[in-house]
Amino acid sequence: MTNSSSDRDDADRVLIRSKWGTSRYVYNPRNPVGRALIVGSLLFAAGGMFLLHHPDLLSPSDDWDGDELRTAVTTAAAELSREAQFGPGGAALTYDDILRGRIARAGQGSEDGLTVALASDRPKSALYDGGPEQADYTVTAAGTDAAFCLSVHAMKTKRAMGYDYVSISVDDSACPAS
(Lines give C-alpha, C1' and ligand atoms only; values in the text may rest on other atoms or scores of the structure.)
Protein backbone atom coordinates (compact mmCIF):
# COMPACT_ATOMS: atom_id res chain seq x y z
CA MET A 1 0.00 0.00 0.00
CA THR A 2 2.77 2.42 0.78
CA ASN A 3 4.37 1.58 -2.56
CA SER A 4 1.38 2.88 -4.58
CA SER A 5 1.23 6.03 -2.44
CA SER A 6 4.96 6.56 -3.08
CA ASP A 7 4.40 6.07 -6.83
CA ARG A 8 1.67 8.73 -6.84
CA ASP A 9 3.91 11.14 -4.92
CA ASP A 10 6.74 10.43 -7.37
CA ALA A 11 4.50 11.24 -10.35
CA ASP A 12 3.93 14.72 -8.91
CA ARG A 13 7.62 15.51 -8.46
CA VAL A 14 9.88 16.82 -11.20
CA LEU A 15 13.00 15.51 -9.45
CA ILE A 16 13.20 12.15 -7.63
CA ARG A 17 15.95 10.21 -5.90
CA SER A 18 17.86 7.91 -8.20
CA LYS A 19 16.95 4.25 -7.83
CA TRP A 20 20.44 3.15 -8.80
CA GLY A 21 21.77 3.12 -5.26
CA THR A 22 23.00 6.72 -5.17
CA SER A 23 21.53 9.65 -3.30
CA ARG A 24 21.48 11.86 -6.41
CA TYR A 25 18.33 13.47 -7.76
CA VAL A 26 17.30 12.83 -11.36
CA TYR A 27 14.49 14.05 -13.63
CA ASN A 28 11.28 12.09 -13.12
CA PRO A 29 10.17 10.44 -16.41
CA ARG A 30 6.62 9.94 -15.02
CA ASN A 31 6.11 13.70 -14.64
CA PRO A 32 5.40 15.61 -17.89
CA VAL A 33 7.77 18.42 -16.90
CA GLY A 34 10.49 15.92 -15.98
CA ARG A 35 9.97 14.13 -19.29
CA ALA A 36 10.26 17.44 -21.18
CA LEU A 37 13.46 18.25 -19.28
CA ILE A 38 14.93 14.86 -20.19
CA VAL A 39 14.13 15.33 -23.89
CA GLY A 40 15.33 18.97 -23.79
CA SER A 41 18.63 17.94 -22.18
CA LEU A 42 19.20 15.31 -24.84
CA LEU A 43 18.41 17.77 -27.66
CA PHE A 44 20.68 20.41 -26.10
CA ALA A 45 23.55 17.90 -25.83
CA ALA A 46 23.01 16.71 -29.42
CA GLY A 47 22.97 20.32 -30.67
CA GLY A 48 26.18 21.07 -28.76
CA MET A 49 27.90 18.05 -30.28
CA PHE A 50 26.73 19.08 -33.75
CA LEU A 51 28.14 22.61 -33.28
CA LEU A 52 31.45 21.18 -32.08
CA HIS A 53 31.80 19.42 -35.41
CA HIS A 54 30.45 22.37 -37.48
CA PRO A 55 31.82 25.56 -35.82
CA ASP A 56 31.46 27.56 -39.06
CA LEU A 57 27.67 27.68 -38.55
CA LEU A 58 28.04 30.33 -35.83
CA SER A 59 30.72 32.48 -37.45
CA PRO A 60 29.59 35.11 -39.92
CA SER A 61 30.62 34.74 -43.52
CA ASP A 62 33.30 37.04 -44.92
CA ASP A 63 31.41 37.26 -48.22
CA TRP A 64 29.65 40.43 -49.32
CA ASP A 65 26.91 40.99 -51.88
CA GLY A 66 27.61 43.64 -54.58
CA ASP A 67 24.50 45.73 -53.84
CA GLU A 68 25.08 45.46 -50.11
CA LEU A 69 28.67 46.63 -50.57
CA ARG A 70 27.53 49.59 -52.72
CA THR A 71 25.02 50.64 -50.05
CA ALA A 72 27.57 50.28 -47.25
CA VAL A 73 30.22 52.26 -49.15
CA THR A 74 27.87 55.16 -49.96
CA THR A 75 26.47 55.22 -46.41
CA ALA A 76 29.93 55.25 -44.83
CA ALA A 77 31.12 57.94 -47.28
CA ALA A 78 28.14 60.15 -46.42
CA GLU A 79 28.68 59.70 -42.66
CA LEU A 80 32.40 60.49 -42.83
CA SER A 81 31.75 63.54 -45.05
CA ARG A 82 29.12 64.85 -42.62
CA GLU A 83 31.29 64.36 -39.53
CA ALA A 84 34.44 65.94 -41.04
CA GLN A 85 36.39 64.55 -38.09
CA PHE A 86 38.96 62.47 -40.00
CA GLY A 87 40.85 63.21 -43.18
CA PRO A 88 43.09 61.00 -45.27
CA GLY A 89 46.34 62.51 -44.00
CA GLY A 90 45.77 63.39 -40.39
CA ALA A 91 44.29 60.48 -38.46
CA ALA A 92 46.04 58.57 -35.70
CA LEU A 93 44.80 55.44 -37.44
CA THR A 94 45.33 55.11 -41.14
CA TYR A 95 42.35 56.36 -43.11
CA ASP A 96 41.91 53.00 -44.86
CA ASP A 97 41.31 51.39 -41.43
CA ILE A 98 38.72 54.07 -40.66
CA LEU A 99 37.02 53.46 -44.02
CA ARG A 100 37.05 49.67 -43.53
CA GLY A 101 35.49 49.97 -40.07
CA ARG A 102 32.78 52.39 -41.19
CA ILE A 103 31.89 50.36 -44.29
CA ALA A 104 31.65 47.16 -42.23
CA ARG A 105 29.44 48.90 -39.68
CA ALA A 106 27.16 50.28 -42.43
CA GLY A 107 26.83 46.86 -44.12
CA GLN A 108 25.99 43.35 -43.02
CA GLY A 109 29.27 41.71 -44.11
CA SER A 110 32.41 41.03 -42.16
CA GLU A 111 35.22 43.57 -41.86
CA ASP A 112 37.63 40.70 -42.56
CA GLY A 113 36.14 40.31 -46.04
CA LEU A 114 36.73 43.97 -46.94
CA THR A 115 39.81 45.34 -48.67
CA VAL A 116 40.44 49.08 -48.69
CA ALA A 117 43.65 49.94 -50.54
CA LEU A 118 45.28 53.30 -51.10
CA ALA A 119 45.30 53.83 -54.88
CA SER A 120 47.11 57.18 -54.91
CA ASP A 121 50.19 58.60 -53.27
CA ARG A 122 50.04 58.77 -49.48
CA PRO A 123 48.45 62.14 -48.63
CA LYS A 124 50.48 64.76 -46.79
CA SER A 125 49.05 65.69 -43.40
CA ALA A 126 47.75 69.26 -43.14
CA LEU A 127 47.66 69.16 -39.33
CA TYR A 128 50.30 71.86 -38.73
CA ASP A 129 50.24 73.90 -41.92
CA GLY A 130 46.59 73.59 -42.89
CA GLY A 131 45.45 73.09 -46.45
CA PRO A 132 44.05 70.30 -48.59
CA GLU A 133 44.48 66.56 -48.22
CA GLN A 134 43.53 64.21 -51.02
CA ALA A 135 43.67 60.45 -51.54
CA ASP A 136 41.97 57.74 -53.59
CA TYR A 137 41.01 54.36 -52.13
CA THR A 138 39.81 51.21 -53.92
CA VAL A 139 37.24 49.18 -51.99
CA THR A 140 36.65 45.50 -52.80
CA ALA A 141 35.14 42.64 -50.84
CA ALA A 142 35.15 38.86 -50.79
CA GLY A 143 32.19 37.25 -52.52
CA THR A 144 31.68 39.95 -55.15
CA ASP A 145 33.49 41.36 -58.16
CA ALA A 146 32.25 44.88 -57.36
CA ALA A 147 34.91 47.54 -56.81
CA PHE A 148 34.48 51.15 -55.80
CA CYS A 149 36.80 54.14 -55.98
CA LEU A 150 36.55 56.58 -53.09
CA SER A 151 38.09 59.98 -53.83
CA VAL A 152 38.57 61.77 -50.54
CA HIS A 153 39.14 65.54 -50.47
CA ALA A 154 39.55 67.30 -47.14
CA MET A 155 40.39 70.85 -46.11
CA LYS A 156 41.93 71.68 -42.77
CA THR A 157 42.60 74.98 -41.07
CA LYS A 158 46.06 75.28 -39.52
CA ARG A 159 46.19 73.50 -36.11
CA ALA A 160 42.39 73.24 -35.89
CA MET A 161 40.50 70.31 -34.42
CA GLY A 162 38.68 68.38 -37.12
CA TYR A 163 38.40 69.42 -40.74
CA ASP A 164 36.62 72.32 -42.35
CA TYR A 165 35.07 69.85 -44.73
CA VAL A 166 35.54 66.32 -46.02
CA SER A 167 34.11 65.34 -49.39
CA ILE A 168 34.05 61.71 -50.52
CA SER A 169 32.91 60.81 -54.01
CA VAL A 170 32.12 57.21 -54.91
CA ASP A 171 32.65 55.72 -58.40
CA ASP A 172 31.48 52.22 -59.41
CA SER A 173 34.89 50.93 -60.48
CA ALA A 174 38.39 50.49 -59.12
CA CYS A 175 40.53 53.60 -58.94
CA PRO A 176 42.94 54.08 -61.83
CA ALA A 177 46.50 53.15 -60.97
CA SER A 178 48.63 56.19 -60.18
Side-chain angles (χ1 to χ4, degrees), residues 39-178:
V39 171
S41 297
L42 291 172
L43 290 174
F44 183 75
M49 295 301 289
F50 184 78
L51 286 176
L52 281 175
H53 293 297
H54 303 288
D56 55 325
L57 292 176
L58 294 180
S59 63
S61 172
D62 289 345
D63 289 348
W64 284 75
D65 176 68
D67 291 333
E68 177 187 8
L69 181 61
R70 175 181 288 109
T71 302
V73 166
T74 54
T75 301
E79 287 175 0
L80 286 168
S81 293
R82 242 188 339 268
E83 291 173 5
Q85 182 179 3
F86 301 107
L93 296 170
T94 58
Y95 200 69
D96 47 342
D97 290 336
I98 294 169
L99 286 170
R100 185 179 305 106
R102 288 296 179 98
I103 293 168
R105 212 174 327 152
Q108 301 298 319
S110 167
E111 188 172 342
D112 295 335
L114 280 173
T115 302
V116 178
L118 183 64
S120 63
D121 294 332
R122 176 117 349 242
K124 180 181 173 263
S125 174
L127 178 65
Y128 296 110
D129 299 330
E133 295 178 357
Q134 184 200 351
D136 295 330
Y137 296 89
T138 298
V139 178
T140 57
T144 181
D145 292 333
F148 299 94
C149 181
L150 301 179
S151 294
V152 183
H153 301 278
M155 182 60 75
K156 184 165 186 64
T157 304
K158 185 176 183 178
R159 294 191 179 117
M161 294 297 292
Y163 286 79
D164 297 338
Y165 74 88
V166 174
S167 172
I168 304 175
S169 63
V170 179
D171 293 327
D172 281 354
S173 61
C175 297
S178 60

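We number each residue from 1, following the sequence as shown. Quick caveat, the model's predicted, so the values are computed rather than measured.
Taking both residues in full, the closest heavy atoms of Gln134 and Pro123 are given as O-CB, 3.4 Å, listed atom of the first, atom of the second, then distance. A pairwise comparison of heavy atoms in Phe148 and Gly66 identifies CZ-O, 4.3 Å as the closest pair.
Annotation: the span from Leu99 atom CG to Ile168 atom CD1 amounts to 6.0 Å, rounded to 0.5 Å. For the atom pair OG1 of Thr115 and CH2 of Trp64, the computed distance is 11.0 Å after rounding to the nearest 0.5 Å.
Contacts of Ala174 classified as side chain to side chain contact (heavy atoms under 4.5 Å, CB included), with partners at least two apart in sequence or in another chain: Thr138, Ala147. Remark: Ser151 engages Asp136 in a side chain to side chain donor-acceptor pair (under 3.5 Å) (not counting sequence neighbours). Contacts of Asp67 classified as side chain to side chain donor-acceptor pair (under 3.5 Å), with partners at least two apart in sequence or in another chain: Arg70. Contacts of Arg100 classified as salt bridge (Lys or Arg N to Asp or Glu O under 4.0 Å), with partners at least two apart in sequence or in another chain: Asp97. Every side chain to side chain contact (heavy atoms under 4.5 Å, CB included) that Val39 has, sequence neighbours left out, goes to Leu43. Judged as a side chain to side chain donor-acceptor pair (under 3.5 Å), and not counting sequence neighbours, Glu79 has no contacts. For Phe50, the side chain to side chain contact (heavy atoms under 4.5 Å, CB included) partners are His54, Leu57, not counting sequence neighbours. Partners of Ala154 by side chain to side chain contact (heavy atoms under 4.5 Å, CB included), not counting sequence neighbours, listed by chain and number: Pro88, Glu133, Tyr163, Val166. Remark: Asp164 engages Thr157 in a side chain to side chain donor-acceptor pair (under 3.5 Å) (not counting sequence neighbours).
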Verdict with reasoning, Ile103 to Val139, per side chain to side chain contact (heavy atoms under 4.5 Å, CB included): CA-CA 9 Å; Ile103 293 168; Val139 178; 4.0 Å; yes

I would like to know whether Val152 and Leu80 meet side chain to side chain contact (heavy atoms under 4.5 Å, CB included); could you show each step before the answer? CA-CA 10 Å; Val152 183; Leu80 286 168; over 6 Å; no

Kindly indicate, with the supporting measurements, whether the criterion ring pair (Phe, Tyr, Trp, His ring centres under 6.0 Å) is fulfilled by Tyr95 and Tyr137. CA-CA 9 Å; Tyr95 200 69; Tyr137 296 89; 5.8 Å; yes

What's the verdict on salt bridge (charged side-chain N to carboxylate O under 4.0 Å, His left out) for Glu111 and Arg102, showing C-alpha distance, side-chain angles and the deciding distance? CA-CA 9 Å; Glu111 188 172 342; Arg102 288 296 179 98; over 6 Å; no

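The disulfide bond (SG atoms under 2.5 Å apart) analysis of residues 102-167, with sequence neighbours excluded, yields the pairs Cys149-Cys175. For residues 103-148, there are no disulfide bond (SG atoms under 2.5 Å apart) pairs, not counting sequence neighbours. The salt bridge (Lys or Arg N to Asp or Glu O under 4.0 Å) contacts involving residues 42-51 comprise nothing, where partners must be two or more places apart or lie in separate chains.
For the pair Leu150 and Val73, the minimum side-chain heavy-atom distance is below 4.5 Å. Using a 4.5 Å heavy-atom threshold, the side chains of Leu114 and Leu69 count as touching.
Side chains of Ser173 and Asp171: a donor-acceptor N/O pair is absent below 3.5 angstrom, by distance only.
Between the side chain of Thr144 and the backbone N or O of Ala141 there is no donor-acceptor pair closer than 3.5 Å.
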